Amino acid sequence: MARRAVVSAIDLIHRRGFLNRWSQHQSGILSPLFSLFSSEAFQPKRSRIDFSCVKEVDDVIELFQKIKSMRQEPSVRLYNKLMSVSVTIEQYYIALDVFDEMLRMGVSVDIYTMSIAVNCCCLLKDIYSAFSIMGFFLKRGHEPNVVTFGTLIKGLFLVNKEAEAVKLFEKILDLKLCEPDGIMILHVIDGLCKTGQVIEAHDWLHRLESSGWSLDVYTYSALIDGFCKGGMVDNAFKVLSKMVGNGILPDVVTYSSIINAYCKEEKMEEAENMLEIMMQQHICPNVFTYSSLIEGLCLKGEIGRAKQLLDSIVERGLKPNIVNYNTLLNGYCKKGSMDEAWLIFLEIPDKGLQHDVHTYNTLLDGLSKSGKVDEALQLLSEMVEKGISPNVVTCSILIDGYCSHGEMVRARELFYSMAETGINHNIFTYCILIKGYCKAGNLDEAWRFFDEISRVGLKHSTVSYTTMMHGLIRLSSFSDGWKLFQEMEAHNIHPDPHTYTILLDGFCRIHRISEALAFLRVMEAKGVNPNIVTYGVLINGLCKGQRLDEAIRLFNHLRSNGLNPNVQIYNMMLDSLYNEGREGEARRLMEEMERSSCTPNGVTFNIIVWNLVKSRKVHEAIPFLEEMCRREFVVNSDIIYALHDELRIGEGKDEKLQEIVKKVCAQN
DNA sequence: AGGGAGTCGG
C-alpha cells in the first residue's frame, strides 16, 4: 500500500497540471508583482494557511505546494495538519502520499505524523502497513503512545482480528506501555460488542472498573448497546444502573440504544416509556431516537402514529432524512394502503428530500404486490428518466411481480436481460424465479434454475432449498421433498423454522399427523424454535384430522410458549368448533379473541355468518353483515345464496334483511 | 497539532 503510494505528490501535481500552472506564474510577466503579494512581507509571521477550505484532492495538492514553497522552513505541524485534513475528507491515500513526500523531502516527522499515518493505514484496512510505519518510527526513536496504540487496536478490530486486538491491549496493560485512556478502552469494549463478544466485553469492563481506569458514558453506552443487540435488555439495564452508581449519567445515545432494542421487538409501550424517562431528564431525543420509534410503529402496523411522529420531528426543528420517509412508505406498502403510500412518495420532494433507489424500490414492491403492475412499470420508467438506476433489488421486485401473476415468460425475459444492463444475479433472484415456476406448476424449469445456482458460482441458501422443497411437496410428492430436505442437511445448509413448517404441513397433508407431532420434537431438539405459523400448521392438521381436542390442547399451550395465536389460527379453531356443533365453545373463543386484541378478518366474519345462517339465526347475522360491508369484506357466495333463499321464504316481508342483502350484493 | 469514539435506516 504505502509503497503504491510512492506515486509522490510531485507526480500527482504533474498529472494534474498544478506544477505547470505554478511555474507559469513564476516565469510570467506578473511574477514580480506576484512574488510581492506572496512574499512574507505581506504575510503574518505564522503563515495563513486555511485548512478549512479543503474539500477535495486538488485542494490538498494546492496546499501542499503552498506549504512547500514557503520562504521560511515550514514546520512539521503544517504537513501534519495537511495529512489530517486529507483524512477528514476521507482521502487516505493522499494523506499517505503527503507522508511519503515528507520523508522524501527530509521533513523531520514526529509522533503526530506517526499517529495520522498509522490511522490512515488502519482506515484502509492495511494493518500490516500500520505496524510497519510504527516500526519505522520506533527505529528513529519515537515511542508509540496511547494514541498510536489506540488507533492500532481499532485497526485490528477493523480487519476482524479481534483476538490480536485484545492481545495487544493486554500487552499494553501488562508491560505498562502506556496508560489506557477512554478512547482506547472504548475501542476494546465496542470492538468486542460488535463482534458478538458482549460477555467478554462485560468482563473487561468489570476488570477495568476495579483497576480504577476511567470509564465514560461512551464506553458504558457501547456495552449497553451490545447487550441490547444481543437481546439481553436485562443486562443492559444492569449496566445502566451501574454506570449511574459510578456517577456517569446516560445520554441520548444510551437511551436510544435501549429504545431501539424495544422497537425491534415491537414493544412500543416500553420504548415510549423510555422516551418519557429520558425527556424527564431533559435529554432531547434526536433523529436516531425517532428513526427507531418510526420503524417500531411501522412494524406494529401503526403507520398513522408513525406518520404523526415523523411530522413532529420537523416541528421540533430536527431534520428527518430520506430513510425515515422510506420506512414510512414501506409501512404503508406492507399494509396495502397504496393511496397513502403515493401521498408520502409525492410529499418527499416538498420536504426538501430526494427520492432514491430505495424509495422507488419500496413503492415498486408495494405496487406490484397489490397487483398494480402497470403502475409499477410506469414508475420504473419515471425512475430511469430521473436518472436513478435500477439495481438488483428493483429487478427482483419486478420479477417477483411477474411471477405472482403467473407471467413467467416476462419474468424470465427480465431475468435474462439483467445481465445486459450489468446487474448481476444473486441467490435472491434465483429463489424468486424458482418460487415462480413452482407456483406456476412447472417443476422442470424450477429444477433447471435450482441446479443453475451452483453452476454460476452462487451459493445455495436455506431459502433456495426450502423453496424447491416446498415446490416438490406440492407438485410432486412428499417423499421427493423429504429427499431434498435430507440432501440439504447433508450439504450442511441449516433448515430454519420455515423449512420445518413446510415439512410439518407436508406430513399433515398426507395424514401422517402423529409423525408431524413427533417431528416437532426433532425440530426443537435441533435448536430451531417453532413459531406461531408452525403451530398453526399443526393445529390445522389436527382440526382437519378430526383431532379437535388435541388441537385445543396445543392451542391452549401456545401462550405458555410466549406465542400469541394469530387470526388464521382463531379462524381454524372457530371453523372446526362450529363444524363439530360446539357452538358454545366457539362463542367463548370469539370472546377470547376479542380480549387478546386479535383483529378478526374477512374469513372470521364469513365463518361466523355462515354458521349463523346455517343454523337459521339470520337475524343474529345482520350486525356482522353490516360490519362486513363497512369494512369492505367479501361475503362468500354460499352466504349470499342462503340469504336470497331466506328472503324468498319470508316472501320479502323482512325489510331489515332485504336492506342488508341489497347492500351486500351491491358490494360483492 | 494526532486517535475522538458509543445510538438509526432500506
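Quantities reported herein were computed from a predicted structural model and do not represent experimental measurements. Chain A is the first sequence line, chain B the second, and so forth, proteins listed ahead of strands; every chain is numbered from 1.
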* Across the strands shown, which category fits A:Asn326 at heavy-atom distances under 4.0 angstrom: base, sugar-phosphate, nothing? -> base
* Is there a donor and acceptor pair closer than 3.5 Å between the side chain of A:Asp356 and the base of B:dG10? -> yes
* Asked: Does the B:dG6 base have a donor-acceptor partner in the side chain of A:Ser221 within less than 3.5 Å?
  -> yes
* To do: Please check the phosphate of B:dG10 (OP1 and OP2 only) for any side-chain N or O of A:Asn391 closer than 4.0 Å.
  => no
* Indicate, with yes or no, if the rings of A:Phe415 and A:Tyr430 have centres closer together than 6.0 Å. => yes
* Give one of base, sugar-phosphate or nothing for A:Thr254, where a contact means two heavy atoms less than 4.0 Å apart. => base
* In terms of side-chain geometry, is the basic nitrogen of A:Lys242 or A:Glu209 positioned less than 4.0 Å from the acidic oxygen of its partner? -> yes
* Asked: Using a cut-off of 4.0 Å on non-hydrogen atoms, how would the nucleic acid contact of A:Ile116 be classed: base, sugar-phosphate, or nothing?
  -> sugar-phosphate
* Using a cut-off of 4.0 Å on non-hydrogen atoms, how would the nucleic acid contact of A:Ile111 be classed: base, sugar-phosphate, or nothing? -> base
* Structure fact -> Of B:dA5, B:dG2, B:dC8, the nucleotide closest to the side chain of A:Tyr218 is B:dA5
* Does the side chain of A:Lys319 get closer than 4.0 angstrom to OP1 or OP2 of B:dC8 through an N or O atom? -> no
* Does a distance-only test, which skips hydrogens and angles, find a donor-acceptor pair under 3.5 Å between the side chain of A:Asp181 and the base of B:dG3? -> yes
* To do: Could you check which of B:dG9, B:dG6, B:dC8 has an atom nearest any side-chain atom of A:Asn321?
  => B:dG9
* Name the nucleic acid region contacted by A:Val118, choosing base, sugar-phosphate or nothing; use a 4.0 angstrom heavy-atom cut-off, strictly under. => nothing
* Structure fact -> Quick note, A:Asn80 side chain, CB onward, closest among B:dG2, B:dA1, B:dA5 is B:dA1
* Structure fact -> Against the side chain of A:Glu295, the closest entry in B:dG9, B:dG3, B:dG6 is B:dG9
* Sugar-phosphate only, base, or nothing, as touched by A:Val146 at under 4.0 Å among non-hydrogen atoms -> base
